[in-house]
Enquirer: 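Here it is: the structure, laid out below.
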Amino acid sequence: GYLLNLLLQYLAYPFKIVRRSLIRGISRLLMALESDNEMSLRISKIAVMNRLTSASILTICILFSGGVSAQAQKPLTLNELIGIALESSPQVLAARDQSRVVKGQLSTARAIPNPEFELNTGQQRSVSGPLTTGNVSSWSVTQPLDMPYTRYPRVNAAEANVRAADATRIAFEIEMISRVQQRFYELMRREAELKAAEEDLGLTKQIRDRMQIRYDVGETARFELIRAQTEFLNAQINAESSKLRVEQAKGQLRQAVGHNLPADYEVVSQTLKAEPLPPLPTLLSELHAQSPELQRAKAEVEATESRLSFEQNSRLPKLSIKAQQYNDPNFSDRQYGLVVSIPIWDFKGGQIAEAEANASKAKNQLNAQSQSLEQQLETAYKLYQMTSYQVKILDQEVVQLASSARRIAEVSYRYGERGMLEYLDAQRTFRVARNDLIKARFDLASVITEIQRLRATPDWIAKIESGKQ
């Protein structure tokens, strides 16, 4: 019995060891699974937080980019485009810098000559005889005098150059305003043509579809269907060409304003208020009084005349006041004097001849500029009268008559009193009259802008001065 019990214990011992090992392994496995679950939970939380952070950043970026794009796509008015051009155009900024350069030259012309100081020192030694030995020194002061007969012509010439530079800057900025305004109205014209072309495309599409139905049921001939399809294709080509012309006009306007204008900009549609202009004599008087180009030419004449007076007066003596003192061991010597520069060898012959030629040249250029501007204004005024008459006749008579004829032809065609060819001819006539009106309005805006540029409209001067502040 003892041996049997011992044998059973011996056989049960491995099972106890296996059971303990299994219990330990299962407990370790459970602990490992708990730790893995905690780690995976932490990792999942971190991943969720990262995803939320990324989503928040993405949302903020989308909102920010949306706000920026909305701001960039804000429609711009004509005055805003002009302001951008005046503030960012490199040519305008260069013209303003040149004006400041000339003002610096005026400060130089008004400056008083600087005095000249001289100081010497040394030793006195006796070579022969009983002379006192010691230190010696001397000093001198020379003050050139700015003589009135040379100062006033020099300052007057510099002031005239400043006026000429300011007039040049204003003329350039007025030219910039005119260029931007011309390109803006060109864009308005192209957009009006595109709108009209899209209307024609929709109308011809309706006619083509209607003719297709009538042809399918046998109510019309194939010739009329082909004619309607041809008109639709022509309208489609015209609409695509109008879109390209709009993009081209936007590119030209952006080139005139400057590349600070975004490429995807939009403008506020507005037309020129064609107010009646004053008579031609009034415009000519305003031209002579306000034109910056004439003011520049007049200032250049004044500058060259002052320069000629300066060169002629330069032949007169130049004076300088001088004071000096000499000191040695035995005595002190003090002197006062007047230094005179006399033109003996150089009598300013070449400088005077050059100044006379420049003065004559400036006067001739003034006369030529005045005649050229008067001729341009007279030509522009004649064009203004002609285009105003064209806009009036086209708007009040031709387009209305063509529209009435189109409506009559359409009603007659629907009731079978007229054929398709007559209806299409009436539609084409209306289209031509409407396009002529659009072109005439643009020509009127263009010629009014040119007259405003020539006469230097006070409104434009106010825009320039407000842009400088």
Side-chain angles (χ1 to χ4, degrees), residues 71-72 74-108 158-188 248-268 270 272 286-287 289-300 302-303 365-366 369 372-373 376-377 380 445-469:
Q71 185 178 3
K74 177 184 177 182
L76 300 173
T77 62
L78 176 58
N79 290 332
E80 291 175 346
L81 293 173
I82 292 175
I84 294 174
L86 293 178
E87 291 300 325
S88 62
S89 174
Q91 294 85 354
V92 173
L93 297 179
R96 293 177 181 176
D97 292 338
Q98 180 62 29
S99 179
R100 288 194 290 268
V101 168
V102 178
K103 290 181 181 179
Q105 295 176 357
L106 175 60
S107 300
T108 303
E159 291 177 349
N161 288 331
V162 170
R163 292 195 296 272
D166 288 338
T168 301
R169 174 187 58 81
I170 293 175
F172 193 88
E173 294 182 0
I174 286 178
E175 180 68 24
M176 175 62 66
I177 295 176
S178 175
R179 189 182 306 119
V180 172
Q181 193 160 313
Q182 292 278 6
R183 297 303 183 187
F184 179 83
Y185 290 128
E186 173 73 17
L187 178 59
M188 294 297 99
Q248 184 180 6
K250 291 186 68 175
Q252 292 176 351
L253 177 58
R254 183 169 181 261
Q255 183 179 3
V257 173
H259 290 286
N260 288 339
L261 187 65
D264 56 345
Y265 72 97
E266 297 293 336
V267 297
V268 178
Q270 61 185 90
L272 177 66
E286 291 180 356
L287 172 68
Q290 300 174 176
S291 175
E293 297 180 2
L294 288 181
Q295 292 179 0
R296 177 189 58 189
K298 293 177 182 178
E300 289 177 352
E302 295 176 2
Q365 289 179 346
L366 173 61
Q369 188 72 24
S372 176
L373 292 177
Q376 292 179 22
L377 183 58
S446 177
V447 71
I448 290 178
T449 301
E450 179 65 14
I451 292 176
Q452 291 175 346
R453 182 189 70 84
L454 292 173
R455 63 188 289 209
T457 305
D459 295 339
W460 290 16
I461 302 297
K463 291 179 182 179
I464 293 173
E465 297 300 329
S466 62
K468 289 175 58 182
Q469 296 176 355

Enquirer: To the nearest 0.5 Å, how far apart are CG in Asn260 and CD in Glu87?
Expert: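 Rounded to the nearest 0.5 Å, the CG-CD separation comes out at 10.5 Å.
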Enquirer: Which heavy atom of Gln290 sits nearest to which heavy atom of Ala456, and what is that distance?
Expert: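 Minimum heavy-atom separation between Gln290 and Ala456: NE2-O, 3.2 Å.
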Enquirer: Just how far is it from atom CD1 of Ile177 to atom CZ of Phe184, taken to the nearest 0.5 Å?
Expert: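 These two atoms lie 14.5 Å from each other.
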Enquirer: Rounded to the nearest 0.5 Å, what separates atom CG in Leu377 from atom CD in Glu286?
Expert: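 The distance works out to 9.5 Å.
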Enquirer: Using every non-hydrogen atom in the two residues, find where Ser88 and Val257 come nearest and quote the distance to one decimal.
Expert: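 Smallest interatomic distance, heavy atoms only, reads OG-O, 4.0 Å.
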Enquirer: Which residues pass the side-chain hydrogen bond (donor to acceptor under 3.5 Å, both in side chains) test with Thr77, not counting sequence neighbours?
Expert: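 In terms of side-chain hydrogen bond (donor to acceptor under 3.5 Å, both in side chains), with neighbours along the sequence ignored, Thr77 is linked to no residue.
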Enquirer: Is there a side-chain contact between Ile174 and Pro292 (heavy atoms, below 4.5 Å)?
Expert: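 Side-chain contact under 4.5 Å: yes.
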Enquirer: Answer yes or no: is there an ion pair linking Glu302 with Lys298, defined by an N-O contact shorter than 4.0 Å?
Expert: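 Not counted as a salt bridge, because no side-chain N and carboxylate O are separated by less than 4.0 Å.
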Enquirer: Determine whether Ile84 and Val180 make a side-chain contact, defined as any pair of heavy atoms from C-beta on separated by less than 4.5 Å.
Expert: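 Of all side-chain heavy-atom pairs linking Val180 with Ile84, none is under 4.5 Å.
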Enquirer: Between CD of Gln98 and CZ of Arg169, what distance do you get to the nearest 0.5 Å?
Expert: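 It is 12.0 Å, given to the nearest 0.5 Å.
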Enquirer: For Lys250, check salt bridge (Lys or Arg N to Asp or Glu O under 4.0 Å) against everything at least two apart and list the hits.
Expert: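 Only Glu266 meet the salt bridge (Lys or Arg N to Asp or Glu O under 4.0 Å) criterion with Lys250.
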Enquirer: Any donor and acceptor pair, going by atom type alone, linking the side chain of Gln369 with main-chain N or O of Leu294 inside 3.5 Å?
Expert: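 Between the backbone of Leu294 and the side chain of Gln369 there is no qualifying donor-acceptor contact (under 3.5 Å).
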Enquirer: Hydrogens and angles aside, do Thr449 and Gln182 bring a side-chain donor and acceptor to less than 3.5 Å of each other?
Expert: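 No, no side-chain donor-acceptor contact under 3.5 Å.
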Enquirer: Looking at OG of Ser89 and CZ of Phe172, how far apart are the two atoms once the value is rounded to the nearest 0.5 Å?
Expert: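 Here the rounded value is 6.0 Å.
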Enquirer: State which residues pass side-chain hydrogen bond (donor to acceptor under 3.5 Å, both in side chains) with Gln295; sequence neighbours excluded, sorted by chain then number.
Expert: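 By the side-chain hydrogen bond (donor to acceptor under 3.5 Å, both in side chains) rule, Gln295 matches no residue at all.
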Enquirer: Is there a side-chain contact between Arg96 and Leu86 in this structure, where contact means two heavy atoms from C-beta onward sitting under 4.5 Å apart?
Expert: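 Yes. Closest side-chain heavy atoms under 4.5 Å.
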Enquirer: Please name all residues satisfying side chain to side chain contact (heavy atoms under 4.5 Å, CB included) with Ala297, sequence neighbours left out, ordered by chain then number.
Expert: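 Ala297 satisfies side chain to side chain contact (heavy atoms under 4.5 Å, CB included) with Leu366 only.
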Enquirer: Could you tell me whether the side chains of Gln452 and Ser178 share a donor-acceptor contact shorter than 3.5 Å?
Expert: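 The answer is no; no qualifying pair exists.
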Enquirer: Run the side-chain hydrogen bond (donor to acceptor under 3.5 Å, both in side chains) test against Thr168 and tell me which residues pass, sequence neighbours left out.
Expert: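 Scan of Thr168 (side-chain hydrogen bond (donor to acceptor under 3.5 Å, both in side chains), adjacent residues dropped) gives none.
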Enquirer: Is it the case that more than 12 heavy atoms not belonging to Gln255 sit under 6.0 Å from its CD atom?
Expert: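 At most 12 heavy atoms, drawn from other residues, nucleotides or ligands, come within 6.0 Å of this atom.
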Enquirer: Give a yes or no on whether the backbone of Gly104 and the side-chain of Thr108 come within a donor-acceptor separation of less than 3.5 Å.
Expert: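 Here the side-chain-to-backbone pair exists.
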Enquirer: Mind checking side-chain hydrogen bond (donor to acceptor under 3.5 Å, both in side chains) for Arg296 and listing every partner two or more places apart, or none if nothing turns up?
Expert: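 Expected list: none.
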Enquirer: Is His259 close to Arg254 at the side-chain level, that is, under 4.5 Å between some pair of heavy atoms?
Expert: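 Side chain of Arg254 against side chain of His259, heavy atoms only: contact under 4.5 Å found.
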Enquirer: Determine whether Tyr185 and Leu187 make a side-chain contact, defined as any pair of heavy atoms from C-beta on separated by less than 4.5 Å.
Expert: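 They are not in side-chain contact.
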Enquirer: I need the Leu454 CG to Ser372 OG distance, nearest 0.5 Å.
Expert: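 Here the interatomic distance stands at 9.0 Å.
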Enquirer: List the residues meeting side chain to side chain contact (heavy atoms under 4.5 Å, CB included) with Arg183, not counting sequence neighbours, and say none if there are none.
Expert: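 For Arg183, the residues satisfying side chain to side chain contact (heavy atoms under 4.5 Å, CB included) (neighbours in sequence not counted) are Gln252, Leu253, Ala256.
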Enquirer: To check you understand the geometry: which heavy-atom pair defines the closest contact between Pro75 and Glu80, and what is its length?
Expert: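 Answer, listing the atom of Pro75 first, then Glu80: O-OE1, 4.0 Å.
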Enquirer: Less than 4.5 Å apart, side chain to side chain, heavy atoms only: is that true for Lys103 and Asp166?
Expert: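 Yes, close enough: below the 4.5 Å cut-off.
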Enquirer: My understanding is that only residues two or more places apart in sequence, or in another chain, count here; which of them pass salt bridge (Lys or Arg N to Asp or Glu O under 4.0 Å) with Arg453?
Expert: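 Once residues adjacent in sequence are excluded, the partners of Arg453 under the salt bridge (Lys or Arg N to Asp or Glu O under 4.0 Å) criterion are Glu175, Glu293, Glu450.
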